[in-house]
Amino acid sequence: MTENRRIAEILRNGKPEESVKIQGWVRTKRELKGFAFMEVNDGSYLANLQVVLEPKLPNYEQLLKHLNVGASVEVTGVLAESQGKGQQIEMKASLVKIYGEANPETYPLQKKRHSFEFLRTIGHLRSRTNTLGAVFRVRNACSSAIHQFFRERGFLWIHTPIITTSDCEGAGELFTVTSLDPTASNQQDYSQDFFGSPAYLTVSGQLEAEAMAMAFRDVYTFGPTFRAENSNTSRHLAEFWMVEPEMAFCDLGGDMDLAEAFLKYVFSFVLETCPEDMEFFNKRMDQSVLATADNIINNEFERISYTDAIALLEKTNRKFQYPVEWGLDLQSEHERYLSQDYFQKPVIVTDYPTGIKAFYMRLNDDAKTVAAMDVLAPKIGEIIGGAQREERLDVLERRMHEAGMPADDLWWYLDLRRYGTVPHAGFGLGFERLVQFMTGMDNIRDVIPFPRTPLNAEF
RNA sequence: UCCUCAGUAGCUCAGCGGUAGAGCGGUCGGCUGUUAACCGAUUAGUCGCAGGUUCGAAUCCUGCCUGAGGAGCCA
């Protein structure tokens, strides 16, 4: 039996004279008078394996007719040093089996560049392109890197619920979960509903992660998150994946250290695992991709307090559309100025005014600011948002009251402060934003296989 | 949700008052090593939808739908 091998492995280690068998999809075919070339891709590698088809193949004429772009094939043959330029090794086919044809008159992927907008309309096929293929290999590497990073540090991966009954984690709009018939008359009677109360898709696993951190010290979540906001931008999704570490016995400084070490680790891991894909992005998508990665890995992140950031923004000559004033939130243009123009690297902004941050963030001694931190990345803005959590029961109760939060629903969250409370901190990282940042892809819809955005949940 | 721009052949676009055009793709033919192959021929369209103005609308006007960029919200 001839060994069935991945194309990535053949392109890296294949030697002339070896008998091999591959399986994959035809990316392109070039017919000449005496013979033909076809390139096959199996998703394992950016480059294709060039296969030489000679007339002595059984059914040569018929085969050429049916070996169209998109067809699925199994090729048996022998590796050989390539006579042409462009690749070291190629395969001389002795047997070609076609699993499924792809009619060239209707198959939407052509041997040419397609716009990402068009590719989004064929979400089921677009992963067969060079760029999306590279994106999803990098996405996968990021995912592995994240688990490996936390495992090395003794964090437990915890699975927080996707369905939640608390709607008070943030002001964000939630998707309702119900088993009631929307046309029935009892539609609003939640006592008749599956959970006996209103239920939603989670907007964050943080509160549950805090509970688990109070048992295991260091934990993280990595799972889907849902926001029903009508956001139409290149960096928002209605369904996205979020990474949320939570550490007991940890303050804001430790939180920032973790965030920085985390990003450095993931970038290093991906550069090592997917060098060809990263070079591809650097060449074709954004020529600062490799420089950015290098910058992340080798330079310390800038750390600046909100108060100092405001002072810096007030001093600059740059004209901003929105006002800069202590107490107001930083606008996109301000964040972009800080990370992209002024520091030209990720910036961690800390200690925001109480009024613009969530109730659970720890009140600083000045009583005007909270121990929050945002990591701002060039181009995409906020990639991480985190904080030291308020561990003092009385302060937390007061802040919830001021924020108009119903304490009844979060009785268990307050219990964590009643019984064995400890200083703790954590952050949330938008996984797709990380992949976007890493690959230089302009639109977040192109770094998740099947994006969900307003008016779009196809595939 | 707001602002701006755009929807013309399978794809990318040109045409901007006189009833449709290019490149790529597809098809057919040629080419003994190609690699976004090349050369020749050929194929291809309710000009987003619905109204209106006009002798005449892809072109002007109104509404709607869809997409993109930016903003807000955030990760």
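Chain letters run A, B, ... following the sequence lines, proteins first, then strands; residues in each count from 1.
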Touch check for [X], heavy atoms < 4.0 angstrom, all strands: base, sugar-phosphate only, or nothing?
| X | value |
| --- | --- |
| A/Gly385 | sugar-phosphate |
| A/Glu105 | sugar-phosphate |
| A/Ile383 | sugar-phosphate |
| A/Lys29 | nothing |
| A/Pro108 | nothing |
| A/Leu434 | nothing |
| A/Gln331 | sugar-phosphate |
| A/Asn48 | nothing |
| A/Phe240 | base |
| A/Glu90 | base |

Is there a Watson-Crick or G-U wobble partner for [N] with both distances under 3.5 Å, and if so, which one is it?
| N | result |
| --- | --- |
| B/rG45 | none |
| B/rA20 | none |
| B/rA6 | B/rU66 |
| B/rC28 | B/rG40 |
| B/rA14 | none |
| B/rA71 | B/rU1 |
| B/rG56 | none |

Got a sec? Which of residues 119-151 of chain A come in under 4.0 Å of RNA chain B, heavy atoms?
A/Arg120

Do A/Val51 and A/Leu53 have side chains that get closer than 4.5 Å, going by heavy atoms?
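Of all side-chain heavy-atom pairs linking A/Leu53 with A/Val51, at least one is under 4.5 Å.
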
Side-chain contact test, heavy atoms from C-beta onward, threshold under 4.5 Å: evaluate it for A/Glu210 versus A/His424 and give yes or no.
yes

Given [options], the nucleotide with the shortest approach to the side chain of [X]:
| X | options | answer |
| --- | --- | --- |
| A/Lys33 | B/rC24, B/rC31, B/rG72 | B/rC31 |
| A/Ser234 | B/rG70, B/rU27, B/rG72 | B/rG70 |
| A/Lys112 | B/rC11, B/rG33, B/rG70 | B/rC11 |
| A/Gln83 | B/rC74, B/rU27, B/rG33 | B/rG33 |
| A/Glu335 | B/rU12, B/rU66, B/rC74 | B/rC74 |
| A/Arg336 | B/rG25, B/rG70, B/rC73 | B/rG70 |
| A/Ser82 | B/rG33, B/rG70, B/rU27 | B/rG33 |
| A/Glu382 | B/rA75, B/rC24, B/rG67 | B/rA75 |
| A/Ser231 | B/rG72, B/rU34, B/rU66 | B/rG72 |
| A/Tyr322 | B/rG33, B/rG72, B/rG26 | B/rG72 |

In whole angstrom, give the distance that lies between atom [atom1] of [X] and atom [atom2] of [N].
| X | N | atom1 | atom2 | value |
| --- | --- | --- | --- | --- |
| A/His334 | B/rC73 | NE2 | P | 12 Å |
| A/Arg30 | B/rC38 | CZ | P | 10 Å |
| A/Ile444 | B/rG70 | CD1 | P | 12 Å |
| A/Leu174 | B/rC73 | CG | P | 18 Å |
| A/Asp446 | B/rA68 | CG | P | 9 Å |

Provide the distance between the two [atom1] atoms, one in [N] and one in [M], to the nearest whole Å.
| N | M | atom1 | result |
| --- | --- | --- | --- |
| B/rA14 | B/rG23 | C1' | 10 Å |
| B/rU46 | B/rG10 | P | 8 Å |
| B/rC5 | B/rG48 | C1' | 16 Å |
| B/rG17 | B/rA57 | C1' | 7 Å |
| B/rU12 | B/rG52 | P | 32 Å |
| B/rC28 | B/rG18 | C1' | 37 Å |
| B/rA9 | B/rG51 | C1' | 27 Å |
| B/rG63 | B/rG21 | P | 33 Å |

Pair [X], [Y]: side-chain N/O donor-acceptor within cut-off below 3.5 Å:
| X | Y | answer |
| --- | --- | --- |
| A/Gln23 | A/Glu74 | yes |
| A/Asp351 | A/Ser305 | no |
| A/Thr225 | A/Glu239 | no |
| A/Tyr200 | A/Thr165 | no |
| A/Thr160 | A/Glu208 | no |
| A/Arg445 | A/Gln436 | no |

Under 4.0 Å: is that the gap between some side-chain N or O of [X] and OP1 or OP2 of [N]?
| X | N | answer |
| --- | --- | --- |
| A/Asn230 | B/rG72 | no |
| A/Arg433 | B/rC74 | no |
| A/Ser332 | B/rG72 | yes |
| A/Arg227 | B/rG72 | no |

For A/Trp241 and for A/Thr233, locate the closest nucleotide of RNA chain B by heavy-atom distance; then report the residue assigned to the nucleotide nearer the 5' terminus.
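First, find each residue's nearest nucleotide; the 5'-ward one identifies A/Thr233.
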
Starting from the 5' end of RNA chain B, give me the residue, A/Arg113 or A/Thr28, whose nearest nucleotide shows up first.
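Going by which nucleotide is closer to the 5' end, it is A/Arg113.
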
Can you tell me if A/Phe37 is stacked onto the base of B/rG33, using a 5.5 Å centroid cut-off and an angle below 30°?
no

Below 3.5 Å, does any donor atom in the side chain of A/His236 face an acceptor in the base of B/rC74, or the other way round?
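Yes, a donor-acceptor pair under 3.5 Å.
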
Taking only residues at least two apart or on different chains, which pairs with a member in residues 320-336 of chain A satisfy side chain to side chain donor-acceptor pair (under 3.5 Å)?
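Qualifying pairs, neighbours excluded: A/Thr307-A/Trp326.
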
So A/Lys29 and A/Glu31, salt bridge (Lys or Arg N to Asp or Glu O under 4.0 Å) or not? Walk me through it.
CA-CA 7 Å; A/Lys29 176 183 64 171; A/Glu31 288 180 60; 3.4 Å; yes

Residue among A/Phe262, A/Phe222, A/Trp157 satisfying ring pair (Phe, Tyr, Trp, His ring centres under 6.0 Å) with A/Phe150:
A/Phe262

Is A/Phe450 atom CZ crowded by more than 12 heavy atoms from other residues, nucleotides or ligands, each under 6.0 Å away?
yes

